[in-house]
Amino acid sequence: MAGQFEASVVIDRPVEQVFAYLADGRNDPQFSPRVQRIERVPDTPTAVGTVFRSTVKDAGMKTAREFRITEFDAPRRMRWTEVSKNLVTADGGYDLEPLSGGRTQVRIFNTLTGHGLGKLLVGLALGAARKDAPAFGQRIKAAVEAA
């Protein structure tokens, strides 16, 4: 079983600045309280093939996550896929659209997929993610605007 959640938000910063911030996944802890630790491998500017390794905490459990950048079209589009083996994995991306006045429309989405016993858990994870999606978008907005 798989399902998607998404959030959309307008950020009061130019598209190039927003993209640069989001492309550096090491910023994720600033807007995602799940992310306990994250590193970029190799530690060079993000590009197709870059991997982000993280430790996240969901429902009180810590798991190791590894995401590979699969598409990188600055400053408009970025995609990733989870390459770690977890009960529930995520593939997703960002779509950015420049707006008038130096603002940027950002759409983030993730498709969650359950594996093995995770097929029983993915519905709960998806429900929680969908419920938090609007707040998640606002946390991204606040973090980018504060940077």
Side-chain angles (χ1 to χ4, degrees), residues 1-58 62-115 118 121-147:
M1 179 181 167
Q4 183 172 303
F5 75 91
E6 67 179 78
S8 184
V9 66
V10 174
I11 299 176
D12 294 324
R13 296 290 181 271
V15 68
E16 295 83 6
Q17 182 180 347
V18 176
F19 189 88
Y21 180 88
L22 294 173
D24 187 349
R26 297 172 303 175
N27 290 322
D28 286 11
Q30 295 175 21
F31 57 83
S32 182
R34 304 173 50 243
V35 180
Q36 308 286 299
R37 182 191 63 76
I38 191 163
E39 66 179 344
R40 180 172 56 195
V41 180
D43 192 15
T44 58
T46 303
V48 171
T50 298
V51 171
F52 287 94
R53 292 184 184 139
S54 63
T55 301
V56 301
K57 191 171 184 180
D58 290 309
K62 286 186 181 181
T63 57
R65 303 275 173 173
E66 199 166 292
F67 293 90
R68 181 176 314 283
I69 302 300
T70 58
E71 188 176 338
F72 194 82
D73 183 17
R76 303 291 215 112
R77 182 178 164 104
M78 186 169 56
R79 298 290 184 266
W80 56 79
T81 189
E82 186 168 352
V83 294
S84 48
K85 305 297 182 202
N86 285 294
L87 294 176
V88 177
T89 58
D91 299 320
Y94 294 114
D95 292 319
L96 290 81
E97 186 69 33
L99 301 174
S100 64
R103 299 174 309 139
T104 304
Q105 175 81 41
V106 177
R107 174 182 167 258
I108 180 174
F109 67 92
N110 275 299
T111 300
L112 304 182
T113 304
H115 309 278
L121 303 173
V122 71
L124 295 172
L126 194 54
R130 286 177 175 158
K131 181 178 178 182
D132 183 56
F136 186 58
Q138 290 302 308
R139 289 192 304 270
I140 291 172
K141 174 182 173 64
V144 174
E145 290 177 359

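Listed for the E6 side chain is no donor-acceptor partner under 3.5 Å among the backbone atoms of R107. Within the 3.5 Å criterion, the main-chain N or O of V10 finds a donor-acceptor partner in the side chain of K141. Remark: the backbone N or O of Q36 is not paired with any side-chain donor or acceptor of T55 at under 3.5 angstrom. Without hydrogens or angle criteria, R130 side chain to Q4 main chain gives a donor-acceptor distance under 3.5 Å. Distance alone, capped at 3.5 Å, is enough to place a donor-acceptor pair between the N86 side chain and the A64 backbone. In this structure, the side chain of S54 does not engage the main chain of I38 through any donor-acceptor pair within 3.5 Å. The backbone N or O of E71 lies less than 3.5 Å from no partner atom in the side chain of R79, so there is not a single donor-acceptor pair. In this structure, the side chain of S84 does not engage the main chain of R65 through any donor-acceptor pair within 3.5 Å.
The heavy-atom pair separating A90 from E82 by the smallest distance is N-OE1, 2.8 Å. Considering all non-hydrogen atoms of both residues, N110 and G92 come closest at OD1-CA, 3.6 Å. Summarising the geometry of L126 relative to F5, their closest heavy-atom pair is CD1-N, 4.2 Å, with the distance given to 0.1 Å. When all heavy atoms are compared, the tightest approach of A133 to A7 is O-CB, 3.2 Å. The two residues F31 and I140 have their closest heavy-atom pair at CD1-CG1, 3.4 Å. Smallest separation of non-hydrogen atoms from P75 and E16: CB-CA, 4.1 Å.
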Begin with the C-alpha distance, continue with both residues' side-chain angles, and end with the deciding distance and a verdict on side chain to side chain donor-acceptor pair (under 3.5 Å) for T111 and D91.
CA-CA 5 Å; T111 300; D91 299 320; over 6 Å; no

Please walk me through it: do E145 and Y21 pass side chain to side chain donor-acceptor pair (under 3.5 Å)?
CA-CA 10 Å; E145 290 177 359; Y21 180 88; over 6 Å; no

When you look at R103 and R13, which way does the side-chain contact (heavy atoms from CB on, under 4.5 Å) test go after all the steps?
CA-CA 5 Å; R103 299 174 309 139; R13 296 290 181 271; over 6 Å; no

Under the side-chain contact (heavy atoms from CB on, under 4.5 Å) rule, what do R40 and T46 come out as? Steps first, then yes or no, please.
CA-CA 8 Å; R40 180 172 56 195; T46 303; 3.4 Å; yes

Going through the distances and angles, do F67 and V83 end up as a side-chain contact (heavy atoms from CB on, under 4.5 Å)?
CA-CA 6 Å; F67 293 90; V83 294; over 6 Å; no

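Results of the side chain to side chain contact (heavy atoms under 4.5 Å, CB included) test with V144 over V9, D12, I11 single out I11 as the only residue that passes.
In this structure, CE on M78 lies 5.5 Å from CZ on F19, to the nearest 0.5 angstrom.
Under the 3.5 Å distance criterion, with hydrogens and angles disregarded, no donor-acceptor pair is assigned to the side chains of E97 and T104.
Separation of the Y94 and W80 ring centroids falls under the 6.0 Å cut-off.
Remark: D132 engages R139 in a salt bridge, criterion side-chain N to carboxylate O under 4.0 Å. Ion pairing of D95 with R76 is absent here, as no side-chain N (NZ or NE/NH1/NH2) approaches a carboxylate O to less than 4.0 Å.
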